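Chain letters run A, B, ... following the sequence lines, proteins first, then strands; residues in each count from 1. Because the structure is a prediction, the values reported are computed rather than measured. Values below: every heavy atom of this structure, side chains too, minus hydrogens, waters and symmetry copies.
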There are 2 protein chains.
Amino acid sequence: MLSQRRKDMASQTEENYLKALYSLSVGKIEVNISELSAALNVSNPTVNSMVKNLKTKGLVKYEKYKPLSLTEKGRKAAALIVRKHRLTEMFLVEKMGFGWEEVHEIAEQLEHVSSSKLFDRMDELMDFPLVDPHGSPIPDRNGNISESAYEPLSKFSVGRKVKLAALGHSSTEFLKFLNSRELSLGTEIEIKSIEPYDGSMVLSYQNRASETFTQAVCESLLVERVG
Amino acid sequence: MLSQRRKDMASQTEENYLKALYSLSVGKIEVNISELSAALNVSNPTVNSMVKNLKTKGLVKYEKYKPLSLTEKGRKAAALIVRKHRLTEMFLVEKMGFGWEEVHEIAEQLEHVSSSKLFDRMDELMDFPLVDPHGSPIPDRNGNISESAYEPLSKFSVGRKVKLAALGHSSTEFLKFLNSRELSLGTEIEIKSIEPYDGSMVLSYQNRASETFTQAVCESLLVERVG
DNA sequence: AAAATTTGTTAGAAGACTCTAACATATTAG
DNA sequence: CTAATATGTTAGAGTCTTCTAACAAATTTT
Ligand SMILES: [Mn+2]
Ligand SMILES: [Mn+2]
Ligand SMILES: [Mn+2]
Ligand SMILES: [Mn+2]
């Protein structure tokens, strides 16, 4: 028997739209059609018609030629998908021995599994982690999320000691790059010097006395002050 | 970005057809269109067109008005889906504390995740189990499966001591029924008496001195001789 | 303010998967 | 062997998700 999704549930495609909209909404409320198409890698007309569809389902607010936003119902639905995604990533790293650079693609598929019990069980087995392997917060069972207030390393000045708490983005390439520099979450870092010309930073951490990182990289290293 | 399936891979729908065909092929080679439609809960014309599609992909052998069968390529593809399904079920039971009656629906969705690494990792973490929680054998990475030669309990006579090794089917209702009788895989059973009228059996096992089971149930209890 | 550019919409179509109604073939019963 | 029944196929359509081409509105530049 083909296991079909309940009719009142969002399809896998709809879920991906909601999740993309949710991610793009961080720090602002409204999102353009074009931003969504770029994020999802589909054409503008495709997004346009899907947005109309999500509007009839009460998941997004939208008027012709205006930017769109999630309704409260849509926001919660999206947060619950993000919850599944991040719990999965954490489970794969903590309980199954995957590297933080390997888990996103798998979680992208697992996040659509319709069994809250599976994810609540992961949560329980990990003793209710607050963040995923990349430092992003995990929404609770009600879709509530605690926005973390970490700052990019690039904002700090020479001599400052900080701890790596999260990443601004977590592409496989970036994660592999950080692996190659032995830099992981929780690592304490001291800013040894800053190149005025291009903003690159020389850092000292663990057994690495002076590693240079470009400004772009330092903007994606989210840290908290230490000491 | 919408994570799209590679073009050369079977869709989730196609995978479900292959798996159903595979299950229906146990003990015979050829399967009717109608058997497949019944198993998948879709109409005959739907199966008819999907079968044509699977034929062009070299996954099934089929001629108009004739029964169909899997090609070697189709057989292997199906076995690998079954592998994912059964490894998932075993992982959910062994490593995540689910009951054997809870795992099928979840595995039905997880079996379509395209990451051999995820399933090979489950396999490794469980130390390469040979069977799933219902006693069905798990195909290896090459799609090879060792057909088990257990016999239905109904075939045996009074006084025989056997061990429950697998189930003929594993519907949630049946599994809950077995739970209610405290009957699980590995349990040693002795046949105390058989009712000639309807073939029902009185069994003794563990701390249950005389439990009666209908013939239908005993046909679905696959056992091996003991002592 | 007009022109150029960017952004968004509509129209029309296609592929994947599904259905029902109607028709064709094969099998089974008399 | 014919008639009845069961099984399989074709035709035509609908939903979902996607596309391209053409057009419209909004924004930015000059
Ligand atoms: Mn991720
Ligand atoms: Mn996804
Ligand atoms: Mn199963
Ligand atoms: Mn399935």
Write down the distance between CG (B:L36) and P (D:dT9), rounded to a whole number of angstrom. 12 Å

Looking only at side chains, do B:H112 and B:Q12 share a donor and an acceptor under 3.5 Å apart? no

With DNA chain D as reference, determine whether A:N41 or B:E35 sits nearer its 5' end, using the nearest nucleotide of each. B:E35

Rounding to a whole Å, what distance do you find between A:K64:NZ and D:dC23:C1'? 12 Å

Does any donor atom in the side chain of A:S43 or A:T46 lie under 3.5 Å from an acceptor atom in the other side chain? yes

May I ask you to check whether over 12 heavy atoms, not counting those of A:E147, lie within 6.0 Å of atom CD? yes

Rounded distance in Å - NZ (A:K57) to P (D:dT15): 13 Å

Just the endpoints, please: which first and last nucleotides of DNA chain C, 5' to 3', lie under 4.0 Å from a heavy atom of chain A? C:dT7 to C:dT18

What is the separation between atom CG on B:L68 and atom P on D:dT7, rounded to the nearest whole Å? 15 Å

Atom CD of B:E63 to atom P of D:dG8: distance rounded to whole Å? 15 Å

For A:H169 and A:F174, take the angle between the two ring planes, folded into 0 to 90°, and tell me which bin it lands in: parallel under 30, tilted 30 to 60, perpendicular over 60. parallel

Any side-chain donor near an acceptor of the partner, B:S114 and A:Q109, under 3.5 Å: yes

Does anything in residues 43-53 of chain B come within less than 4.0 Å of DNA chain D? Heavy atoms only, and list the residues if so. B:N44, B:P45, B:N48, B:K52

B:Y65 vs D:dA6: side-chain N/O to OP1/OP2 distance below 4.0 Å: no

Applying side chain to side chain contact (heavy atoms under 4.5 Å, CB included) between A:V31 and each of A:S23, A:S69, A:P67, A:S25, report the one that passes. A:S25

Side chains of B:H104 and B:H85: any donor to acceptor distance under 3.5 Å? yes

Examine distances only and state if a side-chain atom of B:E35 and a backbone atom of B:N32 form a donor-acceptor pair shorter than 3.5 Å. yes

Using a strict heavy-atom distance below 4.0 Å, which residues from residues 10-29 of chain A are in contact with DNA chain D? A:S11, A:T13, A:Y17

Considering residues, nucleotides and ligands other than B:K57, do more than 12 of their heavy atoms fall under 6.0 Å from its NZ? yes

What I want to check is whether the side chains of A:E101 and A:N179 have a donor and an acceptor closer together than 3.5 Å. yes

Of all heavy-atom pairs between B:L185 and B:G135, which one has the smallest distance, and what is that distance? CD1-N, 3.4 Å

